[in-house]
Protein chains: 2
Amino acid sequence: MPSKPSDVTMDAVYTKPGYLFRRMQQIAVSIFIEECREFDLTPVQYAALVAIRTHTGIDATRLSAVIAFDRSTLGSVIERLEAKGYVERKPSTDDKRVKLLYLTKAGAILLRNIMPFVDRAQARMLAPLKPADRKTLTALLSQLVDLNNEVSRVPLRAEDALEHLGKTG
Amino acid sequence: MPSKPSDVTMDAVYTKPGYLFRRMQQIAVSIFIEECREFDLTPVQYAALVAIRTHTGIDATRLSAVIAFDRSTLGSVIERLEAKGYVERKPSTDDKRVKLLYLTKAGAILLRNIMPFVDRAQARMLAPLKPADRKTLTALLSQLVDLNNEVSRVPLRAEDALEHLGKTG
DNA sequence: TATTGATTGACAGTATACTGTCAAATTGAT
DNA sequence: ATCAATTTGACAGTATACTGTCAATCAATA
């Protein structure tokens with residue numbers, strides 16, 4: 001085996017965090033879909049449902065801040081959840097531009113039922129690591145995501161969600 | 001501040017690895033695009049270019065295995081790289097189904113020029129962490145991606161790329 | 001009150017990322 | 001040599017994810 005000049009290896013990709021993040025995201029989604037197959041729900045749809053349950057009567061813009069999810073895409077996600085009967089969109093009386101989001105009974109039931117499957121999926125993602133390493137990785141990732149929050153187009157603004165509580169639907 | 005029942009928090013999302021992976025991928029892409037703005041190249045396009053340089057004359061299927069990238073999507077990625085003049089697709093004489101991939105001169109130059117910007121992007125992703133933590137995170141992620149390799153639809157098969165060397169273009 | 005500026009949801013456009021299908025071509029077994 | 005199974009690239013369809021634009025609406029202010 002001849003030795004290779006640096007030009008001929010893939011190190012410029014494989015060892016880099018960007019590649020590892022993309023790969024891990026790919027794997028995480030794959031595991032989620034597999035474990036939750038019978039529910040036909042994507043990770044993002046799941047996150048949206050949890051957020052709508054947590055913040056009943058939230059509007060789409062605030063929801064996008066709460067799950068750090070692009071507003072342009074969120075519309076179609078909500079559409080799909082509405083089509084499946086898990087979410088209702090009601091116009092606000094306060095602000096005619098706004099449509100407020102509510103979980104339907106079916107949505108609430110689905111969320112309760114899917115929880116254990118989601119938990120199993122989350123566990124599987126980290127399963128290959130030793131328990132101590134799982135904690136370390138999760139802690140470091142949490143830090144990193146938090147410290148890099150402002151970088152992405154849609155920074156997480158968890159506190160935004162509380163505002164809607166002061167207003168009438 | 002009243003205490004909340006577990007139903008009313010977002011813990012079912014925020015603290016979970018799946019959410020952290022998605023968020024981190026989002027941030028990583030954002031940083032990459034920003035740092036490499038003047039080159040108009042996406043992370044995946046970059047990875048494809050590096051792989052084609054590393055494995056001159058590789059075909060699309062093997063390329064997808066080398067960067068763990070879905071074959072269905074790879075077609076359009078290559079199309080865009082071809083349109084930009086960074087890649088050439090030549091039919092194989094051995095196998096009439098196959099189209100072999102080559103970096104153009106412009107592609108090689110681009111790759112050389114973009115390298116420092118990619119490095120800066122990669123560094124920025126981990127910058128908020130202490131140096132020791134960066135190493136720890138990268139090491140754990142590498143392990144996890146490797147150990148979960150088979151889970152995703154397109155497992156990384158770095159060794160696949162070597163096969164084309166034994167054949168004539 | 002009239003106007004300016006900001007917000008909201010919708011949309012068009014591009015780029016991943018996956019599932020599944022298909023025809024053409026190749027390979028392997030008989 | 002022929003037929004079956006596989007491989008390859010292409011495509012259709014769905015679902016994120018981003019940039020940018022737009023009209024309707026609302027809020028702030030002159």
Self-check item: dC18(D) phosphate, OP1 or OP2, under 4.0 Å from Gln26(B) side-chain N/O
Solution: yes

Quiz item: Closer to the 5' end of DNA chain D via nearest nucleotide, is it Lys96(A) or Ala68(A)?
Solution: Ala68(A)

Quiz item: Got a second to check how far Leu100(A)'s CG is from Ser92(A)'s OG, nearest 0.5 Å?
Solution: 4.5 Å

Quiz item: Within the pair Gln25(A) and dC18(C), is there a side-chain N or O less than 4.0 Å away from OP1 or OP2?
Solution: no

Practice problem: Take atom CG of Asp94(A) and atom P of dT7(C), then tell me their distance rounded to the nearest Å. | Solution: 18 Å

Quiz prompt | All pairs passing side-chain hydrogen bond (donor to acceptor under 3.5 Å, both in side chains) where residues 127-139 of chain A contributes a residue, at least two apart | solution = none

Practice problem: Could you tell me whether the phosphate oxygens of dT16(D), OP1 or OP2, come under 4.0 Å of any side-chain nitrogen or oxygen in Arg80(A)? | Solution: yes

Self-check item: Counterpart residues, salt bridge (charged side-chain N to carboxylate O under 4.0 Å, His left out), relative to Asp11(A) (two or more places apart)
Solution: none

Self-check item: Counterpart residues, ring pair (Phe, Tyr, Trp, His ring centres under 6.0 Å), relative to Phe21(A) (two or more places apart)
Solution: none

Exercise. Not counting sequence neighbours, list each pair that qualifies as a salt bridge (charged side-chain N to carboxylate O under 4.0 Å, His left out) and has a residue in residues 14-33 of chain B.
Key: none

So which protein nitrogen or oxygen atoms get under 3.5 Å of nucleotides 4-11 of chain D's nitrogens or oxygens?
residue	atom	partner	partner atom	Å
dT7(D)	O2	Arg97(B)	NH1	2.2
dG9(D)	OP1	Lys99(B)	N	3.4
dG9(D)	OP2	Thr61(B)	N	2.9
dG9(D)	OP2	Thr61(B)	OG1	2.5
dG9(D)	N7	Arg71(B)	NH2	3.3
dA10(D)	OP1	Lys99(B)	NZ	2.5
dA10(D)	OP2	Arg89(B)	NH1	3.4

Quiz prompt | Of all pairs that satisfy side-chain hydrogen bond (donor to acceptor under 3.5 Å, both in side chains), the ones with a partner from residues 38-51 of chain A, not counting sequence neighbours | solution = Gln45(A)-Lys84(A)

Exercise. Provide the full list of salt bridge (charged side-chain N to carboxylate O under 4.0 Å, His left out) pairs with a residue in residues 119-128 of chain A, sequence neighbours left out, each pair given once.
Key: Glu34(A)-Arg124(A), Glu35(A)-Arg120(A), Glu35(A)-Arg124(A)

Practice problem: Just grab all the ring-ring contact (aromatic ring centres under 6.0 Å, His included) pairs involving residues 107-145 of chain A, residues at least two apart or on different chains. | Solution: Phe39(A)-Phe117(A)

I'd like a table of atom pairs between the protein and nucleotides 1-3 of chain D - only N or O on both sides, under 3.5 Å - with the distance next to each one.
none

Quiz item: Which part of the nucleic acid, if any, lies within contact of Val77(B), taking any heavy atom under 4.0 Å across all strands shown: a base, the sugar-phosphate backbone alone, or nothing?
Solution: sugar-phosphate

